[in-house]
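Have a look at the structure below, then the notes.
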Amino acid sequence: MKFDDVLRQLGEFGTYQKWLYVLLCLPAIPASLQVIQAVVFLFAVPEHRCAIPGFANDTYEIQNDFHKQLINRSIPMTSGYYGEEKYSRCQLYLQTNASNVWLSTRNITEPCHAWVYDQSQFISTVSETMDFVCEKQSYVSHAKMLAMFGHLVGGVIVGPLSDMFGRRPIIITTMFVMVLCSICLVWSNSAPVVLFLEFVIHACTVSRYVACFVFGMEIVGPSKRMWAGVAMNLFWSAGNIMTALAAYLFRDWKTRQLIVSVPAVVFAYLFFIPESPRWLLKHGKREEAKGVVANIAKTNKVQLDPQILDEVDIQMEEVIQEPFWNILKSSVMIRRLMIICYIWFAVGMGFYGLTMNVTNLSGSIYLNFLLFIITEAVAYISCFFLMDRIGRKLLLCISLSLTGAACILPLVAVLVSDTPDKLVINILAIIGNTCASAAICAIFTVTAELMPTTSRTFGMSLSSLSGRAGSLVSPYIVDLTMYISGRFSQILPMLIFGGISILAALLALLLPETLYKNLPETIKEAEILGTNAFDEDATGASPTHVELIPLECLREDAPEDSNNVLLA
């Protein structure tokens with residue numbers, strides 16, 4: 001008997017699992033608030049230009065004709081992304097101070113050291129407060145990269161720690177540290193402190209999200225696992241909607257940070273959740289597992305023998321002695337991990353890159369972001385209806401292919417016109433983000449179902465590590481627009497995301513289908529996943545085993561001492 005068989009008797013998604021699953025999903029909301037508002041709004045760089053030397057009341061908006069004349073005499077014009085003329089962000093006409101009067105030399109320029117910012121969309125951001133512009137413009141990419149590096153570190157540590165100490169301790173600890181650091185961030189005034197706290201916040205956010213996701217997948221039966229794999233993403237989308245609302249209403253970064261941080265103290269309830277019964281069984285804590293199973297049975301109103309776990313055949317002795325790193329000794333699992341890791345890399349780069357790229361799109365950043373998150377939620381809901389109908393693998397391939405196509409098609413708009421339609425590029429970016437969201441939903445589920453219980457969190461963390469590596473690179477790809485001018489500069493990031501996504505779609509075809517399969521408990525079971533051997537083993541009928549049955553027993557009057565014959 002497998003543990004999934006116990007879940008079928010308990011109810012694959014009974015009342016107890018539903019409540020526990022919701023409690024595990026709710027922390028995805030503050031996770032989204034912290035992650036998305038950081039990569040989109042916290043380090044956003046508003047429109048800006050050099051400040052007029054000696055003019056104390058300078059503003060980005062032109063105040064009157066005299067102000068406009070001062071700007072024209074002090075600041076040269078440059079070309080914008082779409083060929084429009086703008087005042088220079090980094091250069092002034094050479095300034096001389098004669099009798100306390102600033103004079104400009106129109107044929108010579110010099111770098112400026114003070115700036116004025118457009119406050120129509122932001123009152124303040126970290127980048128504006130610390131002047132991450134011009135020679136410091138790379139600091140924006142570094143800041144976002146450091147946040148993504150926190151994701152990477154969190155992805156690395158959550159697997160071994162969660163597999164060694166349990167899902168529950170990791171979830172509780174990371175939530176506490178995240179809330180503490182996110183509140184401390186409000187009173188941080190130096191760049192190193194802000195960046196360090198962002199790193200810790202993102203590391204804790206990812207660690208908790210992965211641990212909650214794995215825990216949620218382990219408490220539901222095979223036929224409901226798709227719902228568990230998708231539903232947590234909807235809570236992430238709910239956090240995105242709250243992020244959009246908070247960013248629109250509170251445009252000062254410190255106020256917004258406080259607003260999104262303090263309510264997270266309600267998640268102290270996580271201290272009272274149980275440990276994963278699968279993890280308890282894996283570590284030989286059978287009595288504690290029986291207690292959790294008994295509570296599930298009681299809440300689900302199911303009569304269940306408390307000793308049923310003694311009959312669970314998950315090769316417990318082998319599981320207890322099988323360390324999580326043994327997955328790296330299997331050639332089959334290494335091959336699958338390499339494919340999964342590249343897909344995660346592509347998805348991480350595409351999803352976060354397209355999300356960050358919303359600041360480069362034309363129009364209101366708030367409207368563009370709202371469209372992004374609405375279509376993202378639509379993608380997650382679509383996964384509910386498609387994943388069990390067309391399978392995990394096909395959904396993953398289609399979503400990656402469409403992501404790539406949507407990112408590459410802007411090239412056509414640029415080739416056919418010197419002034420491409422900005423709306424077309426915006427729409428294609430939104431479609432690309434939608435499909436990338438569906439790919440995230442699919443790859444999370446596929447990875448959890450391909451990994452064995454002994455190494456599931458470790459495998460998830462390795463995969464997540466690759467996704468974070470992709471997200472680490474994405475800020476630099478998005479910010480190529482700062483360094484490259486010309487008609488292709490705005491779409492270059494999307495072209496890169498598109499090519500990488502197409503290759504990931506092709507590699508996804510090499511993975512086995514996991515639809516309606518039992519979760520593999522050991523590495524051996526994971527190796528044969530997707531083969532007839534796994535299916536027959538799951539039903540208790542292996543083709544390599546035969547049974548000796550008395551032929552005469554087929555007759556009602558068969559004698560008890562009949563000879564045995566071999567029946568295939």
Side-chain angles (χ1 to χ4, degrees), residues 35-36 38-45 80-82 127 132-133 136-152 155 195 198 202 341-362 365 368-369 372 376 399-414 420 422 425-426 428-437 439-440 443 464-505 507:
V35 171
I36 301 301
V39 299
V40 176
F41 299 105
L42 193 63
F43 295 101
V45 181
Y81 291 133
Y82 298 101
S127 298
F132 289 165
V133 294
K136 292 184 179 180
Q137 65 184 1
S138 62
Y139 288 17
V140 176
S141 302
H142 298 336
K144 294 177 182 178
M145 181 276 295
L146 193 59
M148 295 299 102
F149 185 66
H151 287 198
L152 186 150
L195 297 180
E198 274 297 308
H202 284 248
C341 286
Y342 178 81
I343 295 174
W344 273 82
F345 176 84
V347 169
M349 176 184 290
F351 177 78
Y352 284 103
L354 288 169
T355 301
M356 293 176 192
N357 198 51
V358 71
T359 58
N360 290 331
L361 300 178
S362 61
I365 184 176
N368 291 336
F369 181 69
F372 265 57
E376 180 182 330
S399 57
L400 287 170
S401 300
L402 292 178
T403 300
C407 290
I408 292 174
L409 282 176
L411 178 62
V412 178
V414 174
K422 302 174 185 178
I425 295 177
N426 284 13
L428 288 172
I430 292 171
I431 293 174
N433 182 75
T434 303
C435 297
S437 302
I440 283 182
I443 193 58
S464 180
L465 172 64
S466 300
R468 305 316 164 192
S471 62
L472 275 174
V473 179
S474 58
Y476 297 98
I477 296 177
V478 170
D479 292 340
L480 286 175
T481 56
M482 296 182 180
Y483 306 98
I484 300 176
S485 59
R487 52 195 302 222
F488 294 99
S489 62
Q490 278 303 94
I491 66 167
L492 182 58
M494 293 180 65
L495 294 178
I496 296 174
F497 298 146
I500 292 174
S501 297
I502 292 294
L503 179 57
L507 290 174

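For the single chain, residues carry numbers from 1 onward in sequence order. Below, all heavy atoms of this structure are taken into account, side chains as well, without hydrogens, waters or symmetry copies. Computed from a predicted model, the values in this text were never measured in an experiment.
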What's the separation between atom [atom1] in [X] and atom [atom2] in [Y], rounded to the nearest 0.5 Å?
X: Y139; Y: L146; atom1: OH; atom2: CG; value: 13.5 Å
X: K144; Y: S474; atom1: NZ; atom2: OG; value: 9.0 Å
X: I343; Y: I443; atom1: CD1; atom2: CD1; value: 4.5 Å
X: F149; Y: S471; atom1: CZ; atom2: OG; value: 11.0 Å
X: M145; Y: H142; atom1: CE; atom2: NE2; value: 6.5 Å
X: I36; Y: L42; atom1: CD1; atom2: CG; value: 12.5 Å

Measure the shortest side-chain to side-chain distance between [X] and [Y] over non-hydrogen atoms and say whether it is less than 4.5 angstrom.
X: N433; Y: E376; value: yes
X: M349; Y: I500; value: yes
X: E198; Y: F43; value: yes

Using every non-hydrogen atom in the two residues, find where [X] and [Y] come nearest and quote the distance to one decimal.
X: H202; Y: A147; result: CB-O, 3.3 Å
X: A439; Y: V347; result: CB-CG2, 3.9 Å
X: S501; Y: T403; result: OG-CG2, 3.7 Å
X: L195; Y: A143; result: CD2-CB, 3.6 Å
X: C407; Y: F497; result: SG-CB, 4.1 Å

Mind checking ring pair (Phe, Tyr, Trp, His ring centres under 6.0 Å) for Y342 and listing every partner two or more places apart, or none if nothing turns up?
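Applying ring pair (Phe, Tyr, Trp, His ring centres under 6.0 Å) to Y342 gives none.
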Going by side-chain hydrogen bond (donor to acceptor under 3.5 Å, both in side chains), name the residues that satisfy it together with T434, two or more places apart in sequence or in a different chain.
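Counting only residues at least two positions away or on another chain, T434 forms a side-chain hydrogen bond (donor to acceptor under 3.5 Å, both in side chains) with T375.
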F369 ring center within less than 6.0 Å of F41 ring center:
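Yes, close enough.
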Applying the side-chain contact (heavy atoms from CB on, under 4.5 Å) test to C435, which of L400, L402, L354 qualifies?
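Filter result, single survivor: L402.
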